[in-house]
Amino acid sequence: KTLITFIKRLPLGRSMFYDSHVHTRHSGHSENYSLMQARKIAEGKCIVLSVREHAPFPKEFFDSSRKNHYVNVGGLPPEKASLQPGSIESFFNEIKESGLSLGFEVDILPGFEKETEGIIRNLEHIANEHGVQIDGINGSHHYHNGKVWDSSYELLCKAIKTSGGFKRFIKSYFGQIRDAIRTGFYDAISHLELPLKFIGNGNPLENKLDALKQFYAEEIEKTFETAKNQDITIEYNTSGFDYACKRAYLGSHALHFAYHMNVPIVIGSDTHSVRHIGRHFDFAALQLKQYGINKLHYFKNRKRIAYNI
């Protein structure tokens, strides 16, 4: 019934979208808005929302005796970067009341695969207790050797330096993404090209990236090959348009491989504010179609469903 209502509201030539990457006030670093408010705004834009809240971290991630454990280098602290135990009850109650699709963004933490699987299973159990289902699990990469790297340009540069240079960082990043894809934990990979977030405005990393264009494209290609082999979905994340890189986190190489390898794509705004629900989706549709991608996907009960754009 809701979908029929949306379709009737669509302006001529306007596609309906599923925004499959929406955060809530429970994340610790989003605006304090209600999900009912978000749903109302989305309906006005002919968008169906699906929450992808940051999942709690495994407690073992903070055990200093473990390799790749959490190290505080500044940036967003863990208590502001994920759903906290004290918020879980109110979070699930609000999800149920809003009727929105539920999913989680789960951090890719090399060396903590068993614990990560335990987090996902526990969230499924809690969801079941509250009478809601988890529609999708997204994997995302924010920590390199236990240190957050994507909160600022300075932290990205630190991660590059400790990796032994930009090339080694990129190789490690995409290698860890491919390893995560092979675990089978995730339905989709979020913001695949996040390392480009702060590369722009003439900063030194632009030249380094330009010198590694072929290598970078090869890493993207290998990652899409892995996604194809594992039948996993890759996210076109529009939040990058609002950062230094001024582009989606799927660029020309990635879209080329997505089309030619027939790797399914899901779109997400990665919004932490009601103002950003469905941000840049109309431009995204044009760009996707330019690369021959005429279908997007969303998830229901962890099963992928296609729709036309």
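As the structure is a computational prediction, the values presented were derived from the model and not from experiment.
Both cation-pi conditions hold for Lys167 and Phe215: the charged atom is under 6.0 angstrom from the six-membered ring centre and inside a 45 degree cone around its axis.
Nearest heavy-atom pair, Ser27 versus His272, reported as atom, atom and distance to 0.1 Å: OG-CD2, 4.4 Å. Closest heavy-atom contact between Pro77 and Tyr70: CA-OH, 4.3 Å. When every heavy atom of Ile108 is checked against every heavy atom of Ala180, the shortest pair comes out as CD1-CB, 3.6 Å. When every heavy atom of Arg302 is checked against every heavy atom of Gly136, the shortest pair comes out as CG-N, 4.4 Å.
Residues Phe198 and Leu205 fail the side-chain proximity criterion, which asks for heavy atoms closer than 4.5 Å. For the pair Thr183 and Thr116, the minimum side-chain heavy-atom distance is 4.5 Å or more. Looking at Phe185 and Ile119, their side chains never come closer than 4.5 Å, going by heavy atoms from C-beta outward. Side-chain contact between Leu296 and Tyr307 is present, with heavy atoms from C-beta onward closer than 4.5 Å. Proximity of Lys300 to Lys303: side-chain heavy atoms (C-beta onward) are nowhere separated by under 4.5 Å. A 4.5 Å side-chain heavy-atom check between Tyr236 and Leu255 finds at least one atom pair inside the cut-off. The closest side-chain heavy-atom distance from Leu194 to Trp149 is below 4.5 Å.
Not one N or O on the side chain of Asp210 forms a donor-acceptor pair closer than 3.5 Å with the backbone of Glu206. In this structure, the side chain of Ser87 does not engage the main chain of Leu83 through any donor-acceptor pair within 3.5 Å. For the pair Asn68 (side chain) and Asn145 (backbone), a donor-acceptor distance under 3.5 Å is absent. Side-chain atoms of Lys96 come within 3.5 Å of backbone N or O of His130 as a donor-acceptor pair. In this structure, the side chain of Arg52 does not engage the main chain of Asn138 through any donor-acceptor pair within 3.5 Å. Panel note: side chain Glu193, backbone Gly251; a donor-acceptor pair is recorded below 3.5 Å. Put simply, the side chain of Glu53 gets close to the backbone of Thr24: a donor and an acceptor are under 3.5 Å apart. At distances below 3.5 Å, at least one donor-acceptor pair connects side-chain atoms of Lys197 with backbone N or O atoms of Asp150. Side chain of Asp135 to backbone of Gly103: no donor-acceptor contact under 3.5 angstrom is found. Of the possible donor and acceptor atoms, one in the side chain of Asp63 sits under 3.5 Å from a partner among the backbone N and O of Ser65.
Aromatic ring orientation, His191 versus His142: perpendicular (interplanar angle above 60°, classes split at 30° and 60°). Ring-plane geometry between Phe91 and His26 is classed as perpendicular, the angle between the planes exceeding 60 degrees on a 0 to 90 degree scale with a lower cut at 30. Ring geometry for Phe283 versus Phe241: interplanar angle over 60°, hence perpendicular rather than tilted (30 to 60°). Taking the six-membered ring where tryptophan is involved, the planes of Tyr143 and Phe57 are perpendicular, since the angle between them exceeds 60° and thus also 30°. His256 and His260 have tilted rings, their planes meeting at an angle from 30° to 60° on a 0 to 90° scale.
A continuous path of ILVMFWY side-chain contacts below 4.5 Å connects Ile277 to Val48, so both sit in one hydrophobic cluster. One hydrophobic cluster, built from ILVMFWY side chains closer than 4.5 Å, cannot hold both Ile309 and Val266; they sit in different ones. With hydrophobic clusters built from ILVMFWY side chains whose heavy atoms lie under 4.5 angstrom apart, Val22 shares a cluster with Tyr18. Under the 4.5 Å side-chain heavy-atom criterion for grouping Ile, Leu, Val, Met, Phe, Trp and Tyr, Val148 is not connected to Ile170 through any hydrophobic cluster. Both Leu250 and Ile177 belong to a single network of hydrophobic side chains, linked directly or stepwise wherever heavy atoms of I, L, V, M, F, W or Y lie under 4.5 Å apart.
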Quiz item: Are Lys114 and Glu60 close enough, and set up right, to give a salt bridge (charged side-chain N to carboxylate O under 4.0 Å, His left out), and what steps lead you there?
Solution: CA-CA 10 Å; Lys114 181 180 178 181; Glu60 294 84 358; over 6 Å; no
Practice problem: Evaluate side-chain contact (heavy atoms from CB on, under 4.5 Å) for Asp282 paired with Leu286, printing each intermediate quantity in order. | Solution: CA-CA 7 Å; Asp282 287 330; Leu286 292 174; over 6 Å; no
Quiz item: Can you check side-chain hydrogen bond (donor to acceptor under 3.5 Å, both in side chains) on Ser50 and Ser101, steps first, answer last?
Solution: CA-CA 5 Å; Ser50 188; Ser101 167; 2.7 Å; yes
Exercise. Verify salt bridge (charged side-chain N to carboxylate O under 4.0 Å, His left out) between Glu218 and Lys171, making sure each step is shown before the conclusion.
Key: CA-CA 10 Å; Glu218 289 169 357; Lys171 184 179 180 65; over 6 Å; no
Quiz prompt | side-chain hydrogen bond (donor to acceptor under 3.5 Å, both in side chains) between Glu105 and His23, worked out | solution = CA-CA 9 Å; Glu105 181 180 354; His23 292 284; 3.1 Å; yes
Self-check item: Working for side-chain hydrogen bond (donor to acceptor under 3.5 Å, both in side chains), residues His21 and Asp270
Solution: CA-CA 5 Å; His21 194 152; Asp270 204 349; 3.0 Å; yes
Quiz item: Run the side-chain contact (heavy atoms from CB on, under 4.5 Å) check on Arg66 and Phe112 step by step: do they pass?
Solution: CA-CA 9 Å; Arg66 295 283 297 269; Phe112 296 91; 3.5 Å; yes
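Using a 3.5 Å distance cut-off with no hydrogens or angles, the side chains of Arg304 and Thr233 do pair a donor with an acceptor. Arg178 and Thr223 share a side-chain donor-acceptor pair at under 3.5 Å. Side-chain N/O atoms of Glu94 and Ser90 include no donor and acceptor closer than 3.5 Å. Between the side chains of Gln84 and Ser82, at least one donor N or O sits under 3.5 Å from an acceptor N or O.
For Lys147, the NZ atom is densely surrounded, since the number of other residues' heavy atoms within 6.0 Å is greater than 12. Shown here is Lys158, whose NZ atom has no more than 12 heavy atoms of other residues, nucleotides or ligands within 6.0 Å.
Taking the six-membered ring for Trp and the full ring otherwise, the centers of Tyr291 and Tyr259 sit at least 6.0 Å from each other. Phe174 and Tyr216 have their aromatic ring centers within a separation under 6.0 angstrom.
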